[in-house]
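Just so you know, these numbers use all the heavy atoms, side chains as well, and skip hydrogens, waters and symmetry mates. Note on naming: letters A, B, ... go to the chains in the order of the sequence lines (proteins, then strands), and numbering restarts at 1 for each one.
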Amino acid sequence: MNIHKNMNNQELTRLLRAVEAAYRVKGESPFRIRAYDNAADSVEHATRELKDLWEEGRLQDIPGVGANIASHLEELYETGDVKHFRRAFKNLPEAMFELLEVPGIGPKTSYKLTKTLGITKSRSAVKRVKQAALKGKIRKIEGFGEESENQIIKGIEEFERRENRMLLPTATQLAEEFIAYMTKEKAVLRIDPLGSLRRRTATIGDVDVAVATRNAGKVIDHFKKFPQAKRILAAGENTARLIHRSGRQIDIKTQIPKRYGALLQHFTGSKNHNIHLREVALEKGRSLSEHGIKVGKITQEYSDEEKFYNALGMDWIPPELREDTGEIEAAIHHALPKLVSPNQIRGDLHIHTNYPWQSSHDMGTHSMKEMIEKANELGYDYVGVSDHNPSTSAHKTQQLISEVKKRTEFLEQIKYSLEKKSEKRIIKVLNSLEVDILADGKLALPDEALKMLDYAVVSVHSSMRMSNARMTQRLLKGLSHPKAKILGHPTGRLLSKREGYEADWERVFKFVKAKNKFVEINAWSSRLDLPDTLVRIAIDIGVKLVINTDSHAVSHMDLMHYGVDAARRGWASPKDIINTLPFEKLKEMLLETT
DNA sequence: GCCGTTTTCGGCCCGACTGTTTTCAGTCG
């Protein structure tokens with residue numbers, strides 16, 4: 001186990017899980033094991049680097065990190081090693097921790113395999129286990145058999161071509177295809193996504209689906225015949241799992257209709273939400289499961305999820321909020337937010353067109369007219385056309401000004417022709433640009449050009465590796481210009497490609513609020529930026545947000561609802577989102593320059 | 001090992017599926 005001073009949250013998560021695994025092998029107290037599991041979960045989802053928190057003396061701000069684990073982490077950051085962890089790993093083969101990544105292999109199996117086969121080096125561990133399995137050596141080990149040997153081979157094959165998590169739209173599409181197939185079986189009475197897909201997280205591991213049925217056998221049989229299945233992993237009486245052709249896993253859980261609400265609740269998660277919910281139930285002498293609420297020996301049944309929550313003395317909690325970040329307390333006190341919904345969005349303030357100029361970044365594929373017409377079709381009241389600013393290297397200052405002037409006139413003409421053509425409702429068109437915040441915090445357009453715009457979306461597109469302090473300064477400076485109203489894709493993250501850059505977000509948000517600026521929730525699926533956790537922090541500070549698609553083609557404008565998902569996960573109500581406002585109100589807020 | 005509108009001690013979520021075990025352990029969600 002590689003332990004060093006500069007471990008980031010991802011490495012730290014692995015380390016804590018390794019300690020957990022070591023404890024499992026050694027038969028430590030189940031509660032201590034769970035404590036490490038909790039701490040690992042918590043670190044994995046933390047919005048700040050633990051090392052930074054350590055520097056501020058706030059390690060225990062992370063739930064699940066108490067006095068003991070905090071002291072171990074202090075030792076880690078001070079000395080680059082943790083004696084306590086070393087002791088936990090003592091007498092365990094290094095290689096066993098590598099095997100834990102293989103689906104189907106847990107700590108005990110991993111230990112047994114590495115020990116019996118004499119595997120020590122972690123790097124070649126998986127390969128050597130596979131070789132042993134292919135030679136039929138594993139079935140001879142006590143406790144293993146032919147079948148488990150095959151399972152190990154298949155698990156390793158999956159591990160070898162393992163891909164990252166799916167983006168939300170990929171998972172949504174996969175689920176839709178699967179649900180369409182399942183619905184052909186008449187025994188399927190109701191069918192819904194579960195898990196992180198139902199909670200609408202930015203990335204999804206497996207697709208989980210619930211089925212209400214009076215004949216689970218028929219449903220499972222139909223499931224097993226899914227033409228897109230590469231192999232069936234498991235199929236019991238009520239649940240089954242398969243690997244889709246794409247390599248993705250799909251699980252179904254069936255339940256009788258009168259218990260369907262309990263099933264939905266149980267498998268929507270998150271894990272932490274359910275654990276907390278069951279604790280609340282236990283205090284009332286009730287026990288929760290996918291079958292219902294058990295009081296003594298009697299299981300109360302719930303066909304719908306709302307009644308399930310109500311029975312526990314709380315309001316129904318929207319799936320997007322089920323992360324155990326205060327939603328259960330809020331539900332008990334009837335204080336859940338009324339979340340924003342897609343039909344409340346009245347406009348898109350960040351779209352790109354193919355307007356012909358030498359752009360600083362990629363242009364759109366459709367014309368201004370086409371994009372505006374699409375916005376009109378979507379029923380929007382307004383749209384802000386915000387191409388990238390012209391390249392600063394290819395234009396002198398005066399040229400930049402004249403380019404923006406030309407484009408402004410062009411857009412005016414389009415607006416005019418639209419008004420002439422349309423008899424009925426006319427969409428309001430705003431003149432905007434997405435302007436780079438350069439490395440020194442200056443905007444990539446001179447004042448005279450900015451002046452012509454209704455507003456600017458300002459974004460970072462270059463020099464992203466920068467210290468937290470410098471990036472914070474850069475963002476504040478970029479946002480200082482009166483026309484800079486929206487901070488575009490604020491963290492710059494690209495899901496499964498690149499981490500967002502670091503900045504002091506609390507400071508940025510306070511600045512944004514004080515200066516009447518807005519922060520974007522970019523709906524593009526690999527961005528979803530602001531991330532939901534930061535949406536929550538921004539809203540708590542009182543920042544107003546705007547959900548934009550950043551469309552580069554007509555079809556992209558349909559993806560707004562993914563941005564709404566992120567907003568909902570961050571507890572956003574319509575009042576937090578400025579593009580739920582009617583045009584006149586929006587104009588007041590957006591076009592005022594203070 | 002964590003945590004606290006009953007508690008700084010004494011609790012800590014729940015069940016399905018699989019394989020090899022003849023009664024249950026390991027893994028997963």
(message) With a cut-off of less than 4.0 Å, is there a side-chain N or O of A:S148 near OP1 or OP2 of B:dT20?
(response) yes
(request) Answer with base, sugar-phosphate or nothing: what part of the nucleic acid does A:F267 contact at a heavy-atom distance below 4.0 Å? (result) nothing
(message) What's A:E237 touching, base or sugar-phosphate or nothing? Going by heavy atoms closer than 4.0 Å.
(response) sugar-phosphate
(request) Send over the distance from A:E20 CD to B:dT27 P, rounded to a whole Å. (result) 11 Å
(message) If you assign each of A:Y23 and A:T109 to its closest nucleotide in DNA chain B, which residue comes earlier from the 5' end?
(response) A:Y23
(message) Taking the C1' atom in each of B:dA25 and B:dT21, what is the distance between them to the nearest angstrom?
(response) 8 Å
(message) Here's one to test your reading of the geometry: is the NZ or CZ of A:K307 within 45 degrees of the ring axis of A:Y302 and under 6.0 Å from its centre?
(response) no
(request) May I ask you to verify if any side-chain N or O of A:Q151 is less than 4.0 angstrom from the OP1 or OP2 atom of B:dG19? (result) yes
(message) Using atom P in both nucleotides, what's the gap between B:dG4 and B:dT8 to the nearest angstrom?
(response) 13 Å
(message) On the nucleotide B:dA16, are OP1 or OP2 found under 4.0 Å from the side-chain N or O atoms that A:H291 carries?
(response) yes
(message) Check the phosphate of B:dC17 against A:K253, side-chain N and O only, distance under 4.0 Å to OP1 or OP2. Yes or no?
(response) no
(request) Report yes or no: does A:E301 contribute a side-chain atom to a donor-acceptor pair with the main-chain N or O of A:K258 at less than 3.5 Å? (result) no
(request) For A:K294, report the nucleic acid contact type (base, sugar-phosphate, nothing); a contact means any heavy atom under 4.0 Å. (result) sugar-phosphate
(message) Any side-chain N or O of A:K108 below 4.0 angstrom from OP1/OP2 of B:dG26?
(response) yes
(message) Under a 4.0 Å threshold between the charged nitrogen and the carboxylate oxygen, would A:E305 count as salt-bridged to A:R198?
(response) yes
(message) In this structure, how many angstroms lie between the C1' atom of B:dC3 and the CD atom of A:E283, rounded?
(response) 12 Å
(message) Between P on B:dC2 and CZ on A:F31, what's the gap in Å once rounded to a whole number?
(response) 15 Å
(request) Using the C1' atom as the reference point in each nucleotide, state the distance between B:dC14 and B:dT7 in Å, no decimals. (result) 24 Å
(request) Indicate yes or no: does A:E20 engage A:R14 in a salt bridge with an N to O separation below 4.0 Å. (result) no
(request) Report which part of the nucleic acid A:A235 touches: base, sugar-phosphate, or nothing (heavy-atom distance under 4.0 Å, all strands). (result) sugar-phosphate
(request) Describe the nucleic acid contact of A:E146 in one word from base, sugar-phosphate, nothing, applying a heavy-atom distance below 4.0 Å. (result) sugar-phosphate
(message) What is the distance, to the nearest angstrom, from the NE2 atom on A:H333 to the P atom on B:dT5?
(response) 11 Å
(request) Pick the C1' atom in B:dT6 and in B:dG11, then give their distance to the nearest Å. (result) 13 Å
(message) Just to be sure I understand the rule, does A:L288 reach a base, reach only the sugar-phosphate, or reach nothing, if contact means heavy atoms closer than 4.0 Å?
(response) sugar-phosphate
(request) Using the C1' atoms only, state how far B:dG10 lies from B:dG15, rounded to an integer number of Å. (result) 26 Å
(request) Would you kindly give the CD1-to-P distance between A:I275 and B:dG29, to the nearest whole Å? (result) 15 Å
(message) Between A:T239 and B:dC17, is there a contact of a side-chain N or O with OP1 or OP2 at under 4.0 Å?
(response) yes
(message) Pairing check on B:dT8: which nucleotide meets the Watson-Crick or G-U wobble criteria with it, both distances under 3.5 Å?
(response) none
(request) Give one of base, sugar-phosphate or nothing for A:N274, where a contact means two heavy atoms less than 4.0 Å apart. (result) nothing
(request) Give the nucleotide from the list B:dC2, B:dA16, B:dC17 with an atom nearest to the side chain of A:E290. (result) B:dA16
(request) Please determine if A:E142 and A:K112 form a salt bridge, counting it only when a charged side-chain N lies under 4.0 Å from a carboxylate O. (result) no
(message) When you measure from the side-chain N and O atoms of A:H84 to the phosphate of B:dG1, is any distance below 4.0 Å, counting only OP1 and OP2?
(response) yes
(request) On DNA chain B, check which nucleotide each of A:A70 and A:G236 is closest to and give me the residue with the more 5' one. (result) A:A70
(message) Can you measure A:I33 atom CD1 to B:dA25 atom P for me and round it to whole angstrom units?
(response) 14 Å
(message) I'd like to know if A:E98 and A:K121 make a salt bridge, using a cut-off of under 4.0 Å between side-chain N and carboxylate O.
(response) no
(message) By the 4.0 Å heavy-atom rule, please label A:P30 as base, sugar-phosphate, or nothing.
(response) nothing
(request) Measure the distance from CZ on A:R32 to C1' on B:dG1 and round it to the nearest whole Å. (result) 6 Å
(request) Please confirm whether the backbone N or O of A:A187 pairs with a side-chain atom of A:E185, one donor and one acceptor, at under 3.5 Å? (result) yes
(message) Nearest whole Å is fine: how far is B:dC2 P from A:E28 CD?
(response) 13 Å
